[in-house]
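Notes to accompany the following structure.
Just so we're clear, the structure is a prediction, and the values are computed from it rather than from any experiment. Excluded from the calculations below are hydrogen atoms, water molecules and symmetry mates; all remaining heavy atoms, backbone and side chain alike, are included.
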Number of protein chains: 2
Amino acid sequence: MTGSTATPRERYRLQVRAEVKERAWEQIAGVGASALSLNAIAKQMGMSGPALYRYFAGRDELITELIKDAYRSLADTFRGAADLDLSGLAQVLRRWALEDPHRYFLIYGTPVPGYEAPQDVTAIASEIMSTLLDACIAAGPEEPPTGEQAALDAYLEGHRAWAAGHPTARPATLRRALAFWSRLHGLLSLELAGHFAGMDLDPELLFEAEAGTLFPR
Amino acid sequence: MTGSTATPRERYRLQVRAEVKERAWEQIAGVGASALSLNAIAKQMGMSGPALYRYFAGRDELITELIKDAYRSLADTFRGAADLDLSGLAQVLRRWALEDPHRYFLIYGTPVPGYEAPQDVTAIASEIMSTLLDACIAAGPEEPPTGEQAALDAYLEGHRAWAAGHPTARPATLRRALAFWSRLHGLLSLELAGHFAGMDLDPELLFEAEAGTLFPR
DNA sequence: TCGCCTGGTTAGAAGCTATCACTTGCGGCA
DNA sequence: TGCCGCAAGTGATAGCTTCTAACCAGGCGA
């Protein structure tokens with residue numbers, strides 16, 4: 001099954017890297033990404049501090065890797081739900097977010113100071129957007145644009161590089177994808193950060209209602 | 001003008017606390033809140049490390065204070081724009097966010113691990129929501145709810161404790177306020193985190209178009 | 001079999017938060 | 001006015017962090 005064209009050394013190396021990331025995810029789930037400690041991971045794996053620097057250049061590279069994995073996970077989850085409609089995709093998105101809030105915030109939360117998204121990540125991000133666009137195209141006719149929406153549609157006609165994989169999509173479809181993305185992100189972000197907690201509001205109902213505005217029923 | 005019922009000692013104390021927070025904001029603007037350093041602030045103020053512990057119990061208390069100030073700033077900004085309509089309020093919100101993105105993320109970004117919002121903060125948050133509700137009431141008639149929105153309205157009829165200051169507001173008005181909040185937060189959060197950066201999209205146009213869906217023109 | 005290279009170790013530098021013990025000097029009171 | 005107490009600032013220290021440097025052992029290929 002495994003290609004195993006690699007030397008035993010390389011296979012071991014990959015395995016250790018994977019275990020480090022696994023422990024990192026556990027720790028992130030517990031204390032959050034900002035308090036992630038290489039030392040603690042090393043100790044947990046039964047080796048001492050600086051050994052990890054054989055596998056990761058430093059904390060930043062590890063976090064960058066985790067961010068990439070998080071994007072990869074979301075992209076795969078979306079791909080796996082590509083046969084669902086927009087409503088289903090929305091539910092899949094929310095479930096994925098609730099499954100591990102810290103993972104969500106790693107992508108969509110406060111940007112980390114020095115971090116700059118590498119090429120890999122932007123590629124995966126556009127893959128996610130591509131899946132979303134597929135669903136938006138399949139979702140049927142959009143309602144006629146009103147006011148500023150028409151202006152935005154005209155603008156999107158000329159700024160659609162981010163949807164390069166869907167050259168025939170109507171501007172209203174692009175607009176719907178952007179609305180899906182930004183509106184649901186707004187709700188999820190508020191929910192996961194606990195801003196609905198003290199308000200006695202059911203986030204799921206808000207989410208359902210908001211998702212309902214995005215596609216014809 | 002100043003009450004100055006306080007002793008000189010207390011006035012000095014307050015002044016130092018204020019300067020510490022000022023330096024903290026400068027540092028946050030530079031390196032972000034997670035990398036904020038008490039030591040660096042102390043050195044910048046010409047005194048040495050542990051002196052700051054006379055004024056703040058620790059890093060957490062300082063950050064809590066900064067979060068409260070950020071909320072206070074947003075609430076005041078909103079109060080000062082209470083005579084504007086929803087469209088104006090949206091623009092004020094965006095300007096406030098762009099003015100200091102780190103301040104925005106301190107409120108709406110990734111929650112800090114151990115932090116639990118004190119009573120003060122929830123009070124200020126509901127003051128912000130109150131101003132928003134005023135504007136929503138003044139914004140005129142809502143469009144008829146569709147599908148899940150009607151269900152949400154029915155739910156909101158029974159869960160309106162968060163809008164206790166506006167007992168006569170229609171559920172559709174509450175729903176509009178929630179949409180204003182969550183949708184604009186979604187866009188702002190994505191913009192400030194740089195997710196539109198590589199997409200060649202003008203965040204302002206997206207924001208205008210999204211705001212335009214929130215109130216009759 | 002020999003040698004290199006990988007992966008582990010300990011030691012240490014620089015930085016952080018936070019506590020403790022100590023001194024100094026301002027402020028309020030007699 | 002003079003004196004005393006308490007607040008404020010100091011250095012030392014513990015314990016944590018990331019990360020570098022130097023060193024050692026063992027497996028893998030020539």
- Query: NA contact type, B:R59, heavy-atom cut-off 4.0 Å: base, sugar-phosphate, or nothing?
  - Reply: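 Sugar-phosphate, no base atom in range.
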May I have the distance from [X] (atom [atom1]) to [N] (atom [atom2]), rounded to whole angstrom?
X     : N      : atom1 : atom2 : value
A:E10 : D:dG29 : CD    : P     : 11 Å
A:E19 : C:dG7  : CD    : C1'   : 15 Å
B:Q44 : C:dC16 : CD    : P     : 12 Å
B:E61 : C:dA18 : CD    : C1'   : 14 Å
A:N39 : D:dT20 : CG    : P     : 14 Å

- Query: According to a strict under-4.0 Å criterion, is B:R13 in side-chain N/O contact with OP1 or OP2 of D:dA8?
  - Reply: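 Answer is yes, contact under 4.0 Å.
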- If you take all heavy atoms of A:L206 and B:L178, which pair is closest and at what distance?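 Scanning both residues completely, I find the closest heavy atoms to be CD2-CD1, 3.7 Å.
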- Closest non-hydrogen atom pair between A:W96 and A:R103, with its separation: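 For A:W96 versus A:R103, the nearest heavy atoms are O-NH2, 3.2 Å.
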- Query: How are the rings of A:F180 and A:F78 set to each other: parallel, tilted or perpendicular (split at 30° and 60°)?
  - Reply: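 Rings of A:F180 and A:F78: perpendicular, as their planes differ by over 60°.
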- Closest-nucleotide 5' rank along DNA chain C - winner of B:P8 and B:L36: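 Result: B:L36.
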- Message: Taking the nucleotide of DNA chain C with the nearest heavy atom to each, does B:D60 or A:R9 sit closer to the 5' end?
- Response: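 That would be A:R9.
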- Message: Is a donor from one side chain sitting under 3.5 angstrom from an acceptor on the other, for A:R183 and B:S182?
- Response: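 Short answer, no.
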- Message: Under a plain distance cut-off of 3.5 Å, with no hydrogens placed, do B:D202 and A:H159 share a side-chain donor-acceptor pair?
- Response: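 Not at all, the side chains of A:H159 and B:D202 share no donor-acceptor pair under 3.5 Å.
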- Task: Run the salt-bridge test on B:E61 and B:R17 with the 4.0 Å N-O cut-off and return the result as yes or no.
- Result: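 Result for this pair is yes, salt bridge flagged.
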- Nucleic acid footprint by protein, nucleotides 9-15 of chain D - heavy-atom cut-off 4.0 Å, B for base, S for sugar-phosphate alone: BBBB---
